[in-house]
Trainee: 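Submitted below is the structure of interest, expressed as structure tokens.
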Amino acid sequence: MSDREVLVRHIGGETVYDTTTFATEDKTGVLLIYSDASQKQVIAAYNPQGWIAAEVVDKVVNDDDASPD
């Protein structure tokens, strides 16, 4: 598991994916989110009018997810 993830801002809000691999189709502008760097499995796709921005960000750790000391 990586300590980075992809944050997609879209017309419906924001979605975070547990991957760092994404690309846009040159001719169509479709945003594709891949499960890993091999780009063999698409886990999400956004049409050109539906997505605003995509970026790799640091994961946010919730206090609930932290292990007790």
Side-chain angles (χ1 to χ4, degrees):
M1 255 171 111
S2 173
D3 58 346
R4 313 266 300 163
E5 57 196 3
V6 171
L7 169 65
V8 178
R9 288 177 170 74
H10 50 80
I11 58 174
E14 295 181 346
T15 304
V16 177
Y17 296 95
D18 191 21
T19 183
T20 56
T21 307
F22 65 95
T24 56
E25 288 289 320
D26 289 338
K27 293 181 182 181
T28 63
V30 171
L31 173 66
L32 301 170
I33 310 295
Y34 295 98
S35 63
D36 61 21
S38 68
Q39 297 185 355
K40 292 185 179 186
Q41 183 178 8
V42 175
I43 56 175
Y46 292 88
N47 67 35
Q49 297 80 19
W51 68 277
I52 300 163
E55 60 185 307
V56 176
V57 296
D58 291 329
K59 282 187 180 179
V60 176
V61 177
N62 296 330
D63 289 338
D64 296 342
D65 296 338
S67 59
D69 290 330

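Reckoned from all heavy atoms, side chains included, excluding hydrogens, waters and symmetry mates. All values reported here derive from a predicted model rather than from experimental measurement.
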Trainee: Once rounded to the nearest 0.5 Å, what's the spacing between atom NE2 of H10 and atom CG of N47?
Mentor: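 Interatomic distance, H10 NE2 to N47 CG, rounded to 0.5 Å: 11.5 Å.
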Trainee: For residues T21 and V6, report the shortest heavy-atom separation together with the two atoms involved.
Mentor: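 Nearest heavy atoms, T21 then V6: N-CG2, 4.1 Å.
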Trainee: Of all the heavy-atom pairs spanning A44 and Y17, show the shortest one and how long it is.
Mentor: CB-OH, 3.4 Å
Trainee: For S35 versus T19, what's the shortest heavy-atom pair and its separation?
Mentor: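 Scanning both residues completely, I find the closest heavy atoms to be O-OG1, 3.4 Å.
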Trainee: With a 4.5 Å cut-off on side-chain heavy atoms, are F22 and V8 touching?
Mentor: no
Trainee: Applying the 4.5 Å side-chain criterion to the ILVMFWY set and letting contacts propagate, would L31 and L7 be lumped into a single cluster?
Mentor: no
Trainee: Above 12 or not: heavy atoms from other molecules or residues under 6.0 Å from CG of D58?
Mentor: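 More than 12 within 6.0 Å, yes.
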Trainee: Is any side-chain heavy atom of Q41 closer than 4.5 Å to a side-chain heavy atom of D36?
Mentor: no
Trainee: Can you see which heavy atom on E25 is nearest to which on L32, and at what distance?
Mentor: OE2-CD1, 3.3 Å
Trainee: Any side-chain heavy atom of Y46 sitting closer than 4.5 Å to one from T15?
Mentor: yes
Trainee: Please report the closest heavy-atom contact between K59 and R4, naming both atoms and the distance.
Mentor: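 Shortest heavy-atom contact: CE-O, 3.7 Å.
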Trainee: Under 4.5 Å between side-chain heavy atoms, counting indirect links through other Ile/Leu/Val/Met/Phe/Trp/Tyr residues: same cluster for V16 and V42 or not?
Mentor: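 Looking at the clustering, V42 is in a separate group from V16.
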